[in-house]
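None of these values were measured; they are calculated from a predicted model. All ligand and atom numbering here is 1-based and tracks the order in the structure.
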Amino acid sequence: MNIRIEKVREILKKNGLDGLIVTKQQNWQYLSGFTGTNAALIITTGDQYLVTDFRYLEQAAEQAGGFHIIKPFALVEDAVVDQVKKLGLGRLGFEDDNLTYHLYSTYKEKLPGVELVPLHETVENVRRVKDQGEIASLRKAAGITDEAFDYILEIIGPGVREVDIALEIEYFIKKKGAQKSAFDIIVASGPRAALPHGVATDKKIQAGEFIVLDFGAVVDGYHADMTRTIILGRPSQQHCRIYDLVLRAQERALEAIKPGVKCSAVDLAARDLISVEGYGANFGHGLGHSVGLEIHEKPGFTPKDETILQPGMVLTVEPGIYLSGWGGVRIEDLVLVTGDGIEILSKSPKNLIEL
Ligand SMILES: [Mn+2]
């Protein structure tokens, strides 16, 4: 029995649905194991079907145990239509934040007797709490990310371009067995460190500059995410003051995380401290987000997210202070919520490293 699919079936039952069409890649991977790029699942109350194309038939048979594999003559959507008719499904759920308007129109036209019911983030909600296998993948991804940080410290020096640092990180994590980089690597030095998403450019790094490094490895589809800020040369008093404040805010938030606590309360733990010290306006993003098969998942540590933390959730904790024209600091760890607190999956040091 596939527990993940059974959880989806409970939601079908609650909504009086005969089935669900799954059209989002991470969701079909989560439910079936299939990693191809063109597919749809039909999950009914008693069975499950995977439709894909000729390129993936063998792979689908290997990966998606327990699924009937259906090969369309032409388009995946046509085979979905045929199968829905054959099964005689009356009320059919679809993923409202994923199905394109075009596909929705196609299904509506070709399935006139079927009631199409929008479901919002249904599989995503099941994905919020990670199981042991997922946690193992995230732990591995975080481990490779730590190794890459250690490695890159050897390479960073005066005159080195941001983009070369990013390339070295990417090459390293792939060599270590990661599938890919979790996102476009952020290497933001000097005044560019004030850009929260300063993807690496050809700017050369100079003495006296903060360097924000934000990256992660992907293992089995699971994303690690870590940020460290280091300095080339000696830090000024201002560098030390801002760095220390971000670090204290991050540690305060980490201490606040445990099952039963609201996400918003964790955000507040860090935000309060930064605000009291006068930098509230310079911390303009949420404190963190969940990660898994996607780099940004829910719930998040934001002022408005009232989700209650549960064991098995995996989130980032990443306060930052950004001062336009001067630079910025962000420190980010990947964290697993455990039965009574947290396990920090990111192990890289957090003292201010001077290169
Ligand atoms: Mn992040």
Next item on the list: Could you tell me whether Glu162 and Lys204 have a side-chain N and a carboxylate O separated by less than 4.0 Å?
Entry: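 Judged by the 4.0 Å cut-off on N to carboxylate O distance, Glu162 and Lys204 do not form a salt bridge.
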Checklist line | Glu77 and Lys110 ion-paired at < 4.0 Å | finding: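 Looking at Lys110 together with Glu77, the answer is no, because their closest N to O distance does not fall below 4.0 Å.
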Notebook entry, point to check: Which protein N, O or S atoms lie under 2.8 Å from the Mn ion (ligand 1)?
Noted result: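 Protein N/O/S atoms under 2.8 Å of the Mn ion (ligand 1): Asp225 OD2, His289 NE2, Glu318 OE2, Glu332 OE2.
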Next item on the list: Can you measure from CG (Leu334) to CZ (Arg139) and round to the nearest 0.5 angstrom?
Entry: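 So the CG of Leu334 and the CZ of Arg139 are separated by 10.5 Å.
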Item checked: salt bridge (Lys or Arg N to Asp or Glu O under 4.0 Å) evaluation trace for Arg91 with Glu115 -> CA-CA 5 Å; Arg91 263 171 70 81; Glu115 188 187 348; 2.9 Å; yes
Check: Do we see a donor-acceptor contact under 3.5 Å between the side chains of His197 and Asp214?
Finding: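 No donor-acceptor contact under 3.5 Å links the two side chains.
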Check: Quick one: does Glu297's side chain get under 4.5 Å of Arg127's, heavy atoms only?
Finding: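 Touching, per the 4.5 Å side-chain cut-off.
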